Amino acid sequence: MVGAGARASDDGTIESFGNDSLALDAAFDGVVVTDLTHFGRVRVIGDDRLHFLHNQTTANFECLREGEGCDTAFVTPTARTVDIAHAWVMKNAVILLLSPTTYNSIIEMLNKYFFFSDKVEVNDITKQTCFFSLFGPKSNQIMEALNLHDIIGQPYGTHRHYNVDGLPVTISVGSVLSEDGFSFLLSPSSAASVWQTLIGLGAVPMGGNGWERLRVLQGRPAPGSDLTNEFNVLEAGLWRAISLNKGCYKGQETISRLITYDGVKQHLWGVRLSGPAKPGSKITVDGKKVGKLTSYALGKRTTSTLAWAISGNKQGTAERRFSLVVLRGK
């Protein structure tokens, strides 16, 4: 959404509204709204849609009902993480929110695994929809101001269809970054009006630069940095997105072995740094490599720096050095 002070990248994504520090403060003390329309949105339809996604991802889709949702991971056969998806189970479809760098390849992957008899169809609806994320301790106040009290306090992933200023919007519990906040799925024709309504109710606009800082602070791993072929889904700490008691699915055999034989030997950690650093940098303790940096961002104050690192030490020296654990894991 274009607004005062907005600076856009070449692809049209708003990098900043000229208020990065203010927006980051609001994320922890108030409420922010971020336009995530550049993320991918996929609509899966057909009678076999739940069974198909159940077999292709790590979550238990067959236990979900209309109006419920979950996080799920797309993984390789060796359980390397391709992406985390947020899924909404609707009456006649499942909507998946995917990272902007992965959704095209995931669509290709899903189409590749259709069987002739499968009653499933995968559609890219990214250009036909918009997506906002509302985050911060005052998010509930925005819902109350919109007279949408019934969604407050509902389980993560719960979503319902509403009208905001007479415009149709689907709202879900959860902000993509965490279980807190809310997500808005809406049409491009409704987006500008709903955006202005949220701003008018006190939400501070946050651009992509602020979102990246917030992502690191909240411990949300991202493809291409924290989610690569180097790390499996358990090393990335995505336990919440994995069903440990469902049947066969892609990567399940590897995940089961890792759990059974305590095979998770490295973990993502949040770390405070004394100065700037580049992702990929080695982390050493007493001259010995114990991990590497995967993501980096300025902290809540621009004088502090935060990053994620993959480390092979679960306890001991590395854990003492890596004092800030931000990734929700096992």
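Start at 1 with the first residue, then count along the sequence. Just so you know, these numbers come straight off a predicted model, no measurement behind them.
- For the side-chain contact (heavy atoms from CB on, under 4.5 Å) test, residues two or more places apart in sequence or in another chain that qualify with Asp165 are Ser193, Thr197.
- Judged as a salt bridge (charged side-chain N to carboxylate O under 4.0 Å, His left out), and not counting sequence neighbours, Asp29 has no contacts.
- For Thr170 and His159, the side-chain atoms include no donor-acceptor pair closer than 3.5 Å.
- Contacts of Asp20 classified as salt bridge (charged side-chain N to carboxylate O under 4.0 Å, His left out), with partners at least two apart in sequence or in another chain: none.
- Residues meeting the salt bridge (charged side-chain N to carboxylate O under 4.0 Å, His left out) test with Glu212, sequence neighbours left out: Arg215.
- Of the possible polar contacts, one joining the Asn19 side chain to the Pro205 backbone as a donor-acceptor pair under 3.5 Å is found.
- Of all heavy-atom pairs between Ala203 and Val32, the closest is CB-C, 4.5 Å.
- Remark: Asn92 pairs with no residue by the side-chain contact (heavy atoms from CB on, under 4.5 Å) rule, at least two apart or across chains.
- Within the 4.5 Å cutoff, no side-chain heavy atoms of Ser183 are placed close to those of Phe132.
- Within the structure, ring-ring contact (aromatic ring centres under 6.0 Å, His included) pairs that include any residue of residues 47-83 comprise Phe52-Phe114 (at least two apart or interchain).
- Remark: side-chain polar atoms of Thr57 are paired, donor with acceptor, to backbone N or O of Leu53 under 3.5 angstrom.
- Taking Ile, Leu, Val, Met, Phe, Trp and Tyr as members and joining any whose side-chain heavy atoms lie under 4.5 Å apart, directly or through other members, Tyr261 forms no hydrophobic cluster with any other residue.
- Residues meeting the salt bridge (charged side-chain N to carboxylate O under 4.0 Å, His left out) test with Glu62, sequence neighbours left out: none.
- Residue pairs satisfying the side chain to side chain donor-acceptor pair (under 3.5 Å) criterion with at least one member in residues 126-148, sequence neighbours excluded, are listed as follows: Arg41-Thr129, Asp124-Thr126.
- With sequence neighbours excluded, the residues that form a ring pair (Phe, Tyr, Trp, His ring centres under 6.0 Å) with Tyr156 are His86.
- Between Cys130 and Ala191 the shortest heavy-atom distance is SG-CB, 3.8 Å.
- Take Thr101 and apply the side-chain contact (heavy atoms from CB on, under 4.5 Å) test, not counting sequence neighbours, and it matches Ser99, Pro223.
- Remark: Tyr249 pairs with no residue by the ring pair (Phe, Tyr, Trp, His ring centres under 6.0 Å) rule, at least two apart or across chains.
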